[in-house]
Each structure stands twice: as structure tokens, then as C-alpha cells.
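A short write-up of the structure that comes next.
We use all heavy atoms of the structure for the numbers below, so side chains are in, but hydrogens, waters and symmetry mates are not. Order of the sequence lines sets the chain letters (A, B, ...), proteins ahead of strands, with each chain counted from 1.
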2 protein chains.
Amino acid sequence: MTGTPRVDTAQLMELLSVSLGAYHGDFTVAAATENLTASQGKVLTVLRRGPAAMRALADTMTCDASNMTGIVDRLEKRGLVSREASASDRRVKNVVLTAEGERVADAIRTKMRATRDGLDKLSDQDRDRLYTLLERVFIDQTAS
Amino acid sequence: MTGTPRVDTAQLMELLSVSLGAYHGDFTVAAATENLTASQGKVLTVLRRGPAAMRALADTMTCDASNMTGIVDRLEKRGLVSREASASDRRVKNVVLTAEGERVADAIRTKMRATRDGLDKLSDQDRDRLYTLLERVFIDQTAS
DNA sequence: TATTGTTATACTCTATAACTATA
DNA sequence: TATAGTTATAGAGTATAACAATA
């Protein structure tokens, strides 16, 4: 197996910054539409995959466990998630989406899918930047 | 001028998410090394380009003006920035880097340049994903 | 009248340390 | 002893509303 080709990191990072800036902005707006913070929306999105222990959620979001306690507290108070005791380890609490939580998580996902399908927030200039980057990678690759 | 080629948005977004996650993590660590939060580090980075009014800073970071007041207060208390009256509009205060603020901003930039040059935080798997994406774009392009 | 910046207020996120109940 | 989760605490980011100074 040959090594993967190198790319222009500076250009890639600039592109990433612009694109994910738009993505993050859209996610924040999508969550706010359901009266949620971005962190709360992210937890619901993670839980769409299935129940998760408090510790696992904290690891996924790279924050302290004590922090996750507060976030889940607020979600639980609004009836979007519930804590369930683990059968195998009595120390563990599994966080599960309620029916209402599923509805909200799906609403966020639907809004984000629109973003993913369109790259609507990218300006023509940014779209050209993307193309320039890809073109350059192609040229570098074929010239080697 | 022909239109720019389309790319697989879902794959691109996944790649962006992983890559900018690494970038954001590195920036947070770089700022923390100087005992700064990510927001504070971002303001110093913006000010490397030159002085900026409070309102302009708030717009750049897409937060409320009242929020920027607190952030700049903390930076000023540590001697990293100063507020200067505008000559043309007496309502405006321009925020300027102090010598120490420049030193800290440069230290963050140096650490981030190392990240930019390496993409070190990307796993081999993610590097392969990047290559796969680029390869697919190349094939679609030449096949059309 | 509109804009710049601040203050007051309230909520959320965040980490650290200390605690409990399990394992 | 180590781990899962919580509580207490404190600092920082965030937005809203009201305000003074200026345009």
C-alpha cells in the first residue's frame, strides 16, 4: 500500500474553518429553534444512536463528567431524556431519549440534512476555493 | 468560466467535522498554555491584524456586544489589550494589543502553525478518508 | 432617531475537589 | 483501590433589557 498523498494544509484548514463555521452556525440555529443550546442538541443527536452512560456521553463530548450531570439534568427536567439504571453495573446510569426527545432530535437532524445537501451557506467564492484546492491536489498528484 | 464541480457533501462534512475538531482542540490547548480561554485567544488572534472597535470584535465573533465587554475586560485586566478612544467618533473605543498581548498572540500563532504544517492529530484512518474523498472527486470530474 | 458601549441580570457551560455507592 | 455519578463551588461565555453618551 502506497502512502496517502499530501495536501496543502494551510489551504485545507482555511476551507475547513469557513465550512465548519457555517455548519456550526446552522446547528446552533437548529437547536435554538427547539429552545436548546448547542451542547444540549449535541447530546440528543448522540443519543439518537442509542442509550449511553453518563461517562460515555462526557467522553464523547470531551467534557468533565460533572459537566454532563448538569446538561442531562436540564434535558431531563424538560422531559427529553430519562436516566435508567444499568442492569449489569449498579453504578451506571444509562441516558435514554423519551418520545418527545426523539421528536426534537429528529427535527434537528432534518434541519441539518438540508444544510448537508446544499452547502447553501458557502459563498461562490468559497466554493471556488474548494475547487481550487481539489484541482491543486489533482495536479500535484499527477505531476509526481 | 464553467461551473465548479459538485462534491459529496455528506463525506465532506464528516471530514470537516473530524479535521476541525482536531484544529479546535489544538487551538484550545494553545490558548490554555497561555492561561487563556479559546474566546480570549481568538480575540487576540483577530487583533494581530490591527486595532478593532468593540462592535467590530463582537460582529467578528458573532456574539452580543455586551458579551465582548466582559471578554475585553478580562484581557485588559491582565494587560494584554487596552481600550483607546477613537479620534473620529467619540462613541467608539478601539481595542489594541499591548506588547505583552502581541507576545501571547504570537505564541498561540506559532503553536497553531505547527498544527497546520502537520495535520498531526488526524489518524491514519482519517487521512485515508481524505484521500478517498479527493480520489472520488477526481474520478467524477474526469468521467464527466 | 439611531448607534456605541456599558451595566445589571440570569442562565448555561466548564473544570476542580470532595463525596457516595458500587465494583 | 478504582470507577460511575453527584454535589458544591467558582469562573467564563451567552443573550436580553435598560441606560448614557454621541452621532
Fill in the blank from the handout: Taken in chain and number order and not counting sequence neighbours, the residues that satisfy side-chain hydrogen bond (donor to acceptor under 3.5 Å, both in side chains) with A:Asp89 are A:Arg91

Exercise for the section: May I ask you to evaluate whether B:Arg83 reaches the phosphate of C:dT6, defined as a side-chain N or O under 4.0 Å from OP1 or OP2? Expected result: yes

Donor-acceptor contacts under 3.5 Å from residues 60-75 of chain B side chains, at least two apart:
unit_1  : atom_1 : unit_2  : atom_2 : d
B:Thr60 : OG1    : B:Ala56 : O      : 2.9
B:Asp64 : OD2    : B:Ser66 : N      : 3.0
B:Asp64 : OD2    : B:Ser66 : OG     : 2.7
B:Thr69 : OG1    : B:Ala65 : O      : 3.4
B:Asp73 : OD1    : B:Arg83 : NH1    : 3.1
B:Asp73 : OD1    : B:Arg83 : NH2    : 3.0

Problem - Length of the CE-P vector between B:Met68 and C:dT6, whole Å - result: 11 Å

Exercise for the section: Quick one: closest heavy-atom pair of A:Gln40 and A:Asn35, and the distance? Expected result: OE1-O, 4.4 Å

Fill in the blank from the handout: note: B:Met61, atom CE; D:dA12, atom C1'; distance rounded to Å ~ 12 Å

Practice task
With sequence neighbours left out, write down each residue that passes salt bridge (Lys or Arg N to Asp or Glu O under 4.0 Å) with B:Arg48, or none if nothing qualifies.
Solution key: B:Asp106

Practice task
Please list residues of residues 69-77 of chain A whose heavy atoms come under 4.0 Å from any atom in DNA chain C, ordered by number; otherwise none.
Solution key: A:Ile71, A:Arg74

Practice task
With sequence neighbours left out, write down each residue that passes salt bridge (Lys or Arg N to Asp or Glu O under 4.0 Å) with B:Arg55, or none if nothing qualifies.
Solution key: none

Exercise for the section: Measure the shortest side-chain to side-chain distance between B:Val95 and B:Leu57 over non-hydrogen atoms and say whether it is less than 4.5 angstrom. Expected result: yes

Handout entry: With B:Glu100 via salt bridge (Lys or Arg N to Asp or Glu O under 4.0 Å) - residues at least two apart
Key = B:Arg103

Exercise for the section: Rounded to the nearest 0.5 Å, what's the gap from OG1 on A:Thr33 to NZ on A:Lys111? Could you check? Expected result: 4.5 Å

Practice task
Name every residue in residues 32-51 of chain B that has at least one heavy atom under 4.0 Å from any atom of DNA chain D, in order of residue number, or write none if there are no such residues.
Solution key: B:Thr37, B:Ser39, B:Gln40

Practice task
Please name all residues satisfying side chain to side chain contact (heavy atoms under 4.5 Å, CB included) with A:Glu84, sequence neighbours left out, ordered by chain then number.
Solution key: A:Ser82, A:Val96

Problem - Which residues share a side-chain hydrogen bond (donor to acceptor under 3.5 Å, both in side chains) with B:Ser86, sequence neighbours left out - result: B:Ser88

Practice task
Round to the nearest Å and state the distance from B:Leu57 atom CG to D:dG13 atom C1'.
Solution key: 16 Å

Handout entry: Under 3.5 Å: donor-acceptor pair, side chain of A:Thr98, backbone of A:Gly79
Key = yes

Practice task
Please tell me which of A:Ala65 and B:Arg55 maps to the more 5' nucleotide of DNA chain C, matching each residue to the nucleotide holding its nearest heavy atom.
Solution key: B:Arg55

Give me, pair by pair, the N or O atoms of the protein and of nucleotides 17-23 of chain C that are less than 3.5 Å apart, along with how far apart they are.
unit_1 : atom_1 : unit_2  : atom_2 : d
C:dA23 : OP1    : A:Arg90 : N      : 3.1

Problem - For atom CG of B:Asn67 and atom C1' of D:dT16, their distance in whole Å - result: 12 Å

